[in-house]
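Residue numbers begin at 1 in each chain, while the letters A, B, ... track the order of the sequences.
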2 protein chains.
Amino acid sequence: MATIREVAAHAGVSPATVSRVMKGEVRVNQKTRERVEAAIAALHYAPNVFARSLASNRLGGVGLVISHLAGPFMGRVMMTLEAALRRANVSLLVASGGGEAEREQEAVDFLLGRRCDGLIVHADALEDATLAALATTTPMVVFNRLVPDIAAHCIHLDNECGGYLATRHLLDQGHRHIACLTGPLRQQDAAGRLAGYRRALREQGIEADEHAIIEGDFTERSGEQGMATLLARGTTVTAVVTGNDDMALGVMTALRARNWQVPQQISLIGYDDEACARHVVPALTTIHAPLEEMAEAAAHRLLALIEGASPAPSSPFVPTLIERGTVAPPMA
Amino acid sequence: MATIREVAAHAGVSPATVSRVMKGEVRVNQKTRERVEAAIAALHYAPNVFARSLASNRLGGVGLVISHLAGPFMGRVMMTLEAALRRANVSLLVASGGGEAEREQEAVDFLLGRRCDGLIVHADALEDATLAALATTTPMVVFNRLVPDIAAHCIHLDNECGGYLATRHLLDQGHRHIACLTGPLRQQDAAGRLAGYRRALREQGIEADEHAIIEGDFTERSGEQGMATLLARGTTVTAVVTGNDDMALGVMTALRARNWQVPQQISLIGYDDEACARHVVPALTTIHAPLEEMAEAAAHRLLALIEGASPAPSSPFVPTLIERGTVAPPMA
DNA sequence: CGCCATCATGAAACCGGTTTCATGACAATC
DNA sequence: GATTGTCATGAAACCGGTTTCATGATGGCG
């Protein structure tokens, strides 16, 4: 592999000039530039990334910290992220944290130890304060979460809106008694969705029935249990909004076990639009997040931060309702 | 950030000695080692990875080339890979190809340009010859595919066995007329599964009905169409094995549209054990691949190759049957 | 014509480790 | 006691870019 000095010798210039040509600097004579470019082509010169990193103190790559790599939509997110970064000739290092704060911190430290130029963090467990501190140290964007102190570093979804959309859709169909099976409420997304649920009810002058609001943990199992609890209480709800699709799946299981018909006897709405949502029967009506757009935005935001741009706050991304087969008007 | 020279000065030794201590070399006096370690701790010294890479010509990271990042099980694979590599203090760079040969090649080139120490390649579109050539250039393991010329570099699944297992299960239940909706037969995995299907039939002295073998392309749609074709022909099959779970989902759709009952009127078996398989109703009986074990093996194999081990061929991983709700004995 | 600004370019220092080779100390051997 | 071998260690070269600073050339302006 040719070095910059060999190229320089071949073109009859100094290594400094080759370096200038490589980075497309203006201060190079046209003739010289052409000679250097010819030499580069002739020798198939490709700069040594290690030397470049050492000298410039830049990796040319960013790190992605993911809580659950195996989660239902990380693939879609990574796909877009990777493509956007590669277009900028920036590589993507991945480290996973498995949803525990300690392991997420390890992932961050690992990537920082590799001297990534920046970080995209999709972490459930790390505390706001930790993330805020990190943002002062290194270019960073937080994905799918709003950390108030560093809002300008966050690419997030308007979960309140999503919760509202779901509930509103049921209200529009005529439902008046709607249950809400939430995710863990210490998690921002779950809390936001619940807030949207409450707002939709309030708007219609309906008072929320606190017995019909059950906190789960985003697992299918917790959806099943939540619905079972509701039914055991002899609930009169005609519809259920859930914290995510997994929980909705659990709800369907609980209902099926008791021979309730969806949507004839009870309507149901999920959240996330996972692959499964399309495939269950009846297909799940749900809330869709523009993950690809969000990923694209995250990549661009991070690249800008690395270039020294000052973080500019942006509005949250808005989810949309996907109507499928689990919502119908309530029975008379 | 402290440099190795500062540590050396602090410990009253030369940088060379610090370097020796860092890599745990034996040829260091116990007393000296302790002094150096104290200095390292006192200065919070962490070696500069760029300098290390430049001097040692090693990145300390490997590349993962993925055809479809958003595919149904890449998450599970990446999760395990990343964990195994990180334990060895090796980082993971990811590049996606999107299923086209050209883009897959770009991904490979990109990662090679970043001087990865090795490559894990999960590519559908790249040719065997290309991969074989690559293996001579750089440490590499091929994931979920068998390239005959470099079998020792391949971590793959015994698809023939999977196809056999599925078909055999149906035969054991008493089915005698079984359709097979395959993936694209130019793809090794699809062809292997079909071969297993044929062997299972042959073993029972049943001649395969070529009209009941339809080539699809692994999409849900192709499963639906395949089943529709079969039904339109007034088929007499009592069971269907499909190329993957997506196709099985399509089959279920086609059957539901015509009011056929699964598994009472027709049995069905998928392949891959995707997340959805558990959730559809009835839950899909399918073939499960030990992806985590395979990923673990891929990581270890690659790390060994990087250390200079000579590639040792290994036997394919064997899939297992997951019995759920889509298989029953044929009607009398 | 002389002075100064502008521009293109090269020399050399620098980034911070790793590794080779030389050296000196000490012990074992004859 | 001289020789040889082993061991711990340091000096310095090296990896291959980037960047600063100096320099010489060119040209515009008074």
Return the minimal non-hydrogen interatomic distance between Ala107(A) and Ala95(A), and the atom names on each side.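 Where Ala107(A) meets Ala95(A) most closely, the heavy atoms are CB-CB, 3.8 Å.
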
Any ring pair (Phe, Tyr, Trp, His ring centres under 6.0 Å) pairs touching residues 15-68 of chain A, not counting sequence neighbours?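 Listed by first then second residue: nothing to list.
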
Using the test side-chain contact (heavy atoms from CB on, under 4.5 Å), find all partners of [X] that sit at least two apart in sequence or belong to another chain.
X: Glu100(B); answer: Arg103(B)
X: Ala11(A); answer: Val13(A), Val36(A), Ala39(A)
X: Ala55(A); answer: none

Atom pairs and distances, side-chain donor-acceptor, residues 74-84 of chain B, under 3.5 Å, sequence neighbours left out:
residue  : atom : partner   : partner atom : Å
Arg76(B) : NE   : Glu292(B) : OE2          : 2.9
Arg76(B) : NH2  : Glu292(B) : OE1          : 3.1
Thr80(B) : OG1  : Arg76(B)  : O            : 3.1
Glu82(B) : OE1  : Ser96(A)  : N            : 3.2
Glu82(B) : OE1  : Arg86(B)  : NH2          : 3.4
Glu82(B) : OE2  : Arg86(B)  : NE           : 2.6
Glu82(B) : OE2  : Arg86(B)  : NH2          : 3.1

Closer to the 5' end of DNA chain D via nearest nucleotide, is it Val13(B) or Tyr45(A)?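 Its nearest nucleotide lies further toward 5', so the answer is Val13(B).
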
Comparing Ala2(A) and Arg35(B) on DNA chain D - which has the more 5′ nearest nucleotide: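 Mapping each residue to its closest nucleotide by heavy atoms, the 5'-most match is Arg35(B).
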
Do any side-chain atoms of residues 110-121 of chain A form donor-acceptor pairs under 3.5 angstrom with protein atoms, and if so which ones, sequence neighbours left out?
residue   : atom : partner  : partner atom : Å
Arg114(A) : NH1  : Asn89(B) : O            : 3.2
Arg114(A) : NH2  : Gly60(B) : O            : 2.2
Asp117(A) : OD1  : Leu59(A) : N            : 2.8
Asp117(A) : OD2  : Leu59(A) : N            : 3.4
Asp117(A) : OD2  : Gly60(A) : N            : 2.5
Asp117(A) : OD2  : Gly61(A) : N            : 3.3

Under 4.0 Å, counting only non-hydrogen atoms across every strand here, what does [X] touch: a base, just sugar-phosphate, or nothing?
X: Thr3(A); result: sugar-phosphate
X: Thr17(B); result: sugar-phosphate
X: Val28(A); result: sugar-phosphate

Please list every donor-acceptor pair under 3.5 Å in which a side-chain atom of residues 297-307 of chain A meets a protein atom from a residue at least two apart or in another chain.
residue   : atom : partner   : partner atom : Å
His300(A) : ND1  : Glu296(A) : O            : 3.3
Arg301(A) : NH1  : Ala152(A) : O            : 2.3
Arg301(A) : NH2  : Ser314(A) : OG           : 2.5

Which residues in residues 51-61 of chain A have at least one heavy atom lying under 4.0 Å from any atom of DNA chain D?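 Listed by number, they are Ala51(A), Arg52(A), Leu54(A), Ala55(A).
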
Which is the 5'-most and which the 3'-most nucleotide of DNA chain C that has an atom under 4.0 Å from a heavy atom of chain A?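 Footprint of chain A along DNA chain C, 5' to 3': dC7(C) to dG16(C).
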
If you find the nucleotide of DNA chain C closest to Ala16(B) and the one closest to Phe50(B), which residue's nucleotide is nearer the 5' end?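 The residue whose closest nucleotide sits nearer the 5' end is Phe50(B).
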
How bent is the helix from dC1(C)-dG30(D) to dC30(C)-dG1(D), measuring the angle between the end axes built from five pairs each, rounded to 10°?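 End-to-end axis angle: 50°.
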
Identify, with sequence neighbours excluded, every residue that meets salt bridge (Lys or Arg N to Asp or Glu O under 4.0 Å) alongside Asp128(A).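 By the salt bridge (Lys or Arg N to Asp or Glu O under 4.0 Å) rule, Asp128(A) matches Arg145(A).
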
ring-ring contact (aromatic ring centres under 6.0 Å, His included) partners for Phe143(A), two or more places apart: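 Phe143(A): ring-ring contact (aromatic ring centres under 6.0 Å, His included) contacts with His122(A).
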
Whether Glu104(B) side chain and Leu126(B) backbone form a donor-acceptor pair below 3.5 Å: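 Yes, because the side chain of Glu104(B) sits within donor-acceptor range (under 3.5 Å) of the backbone of Leu126(B).
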
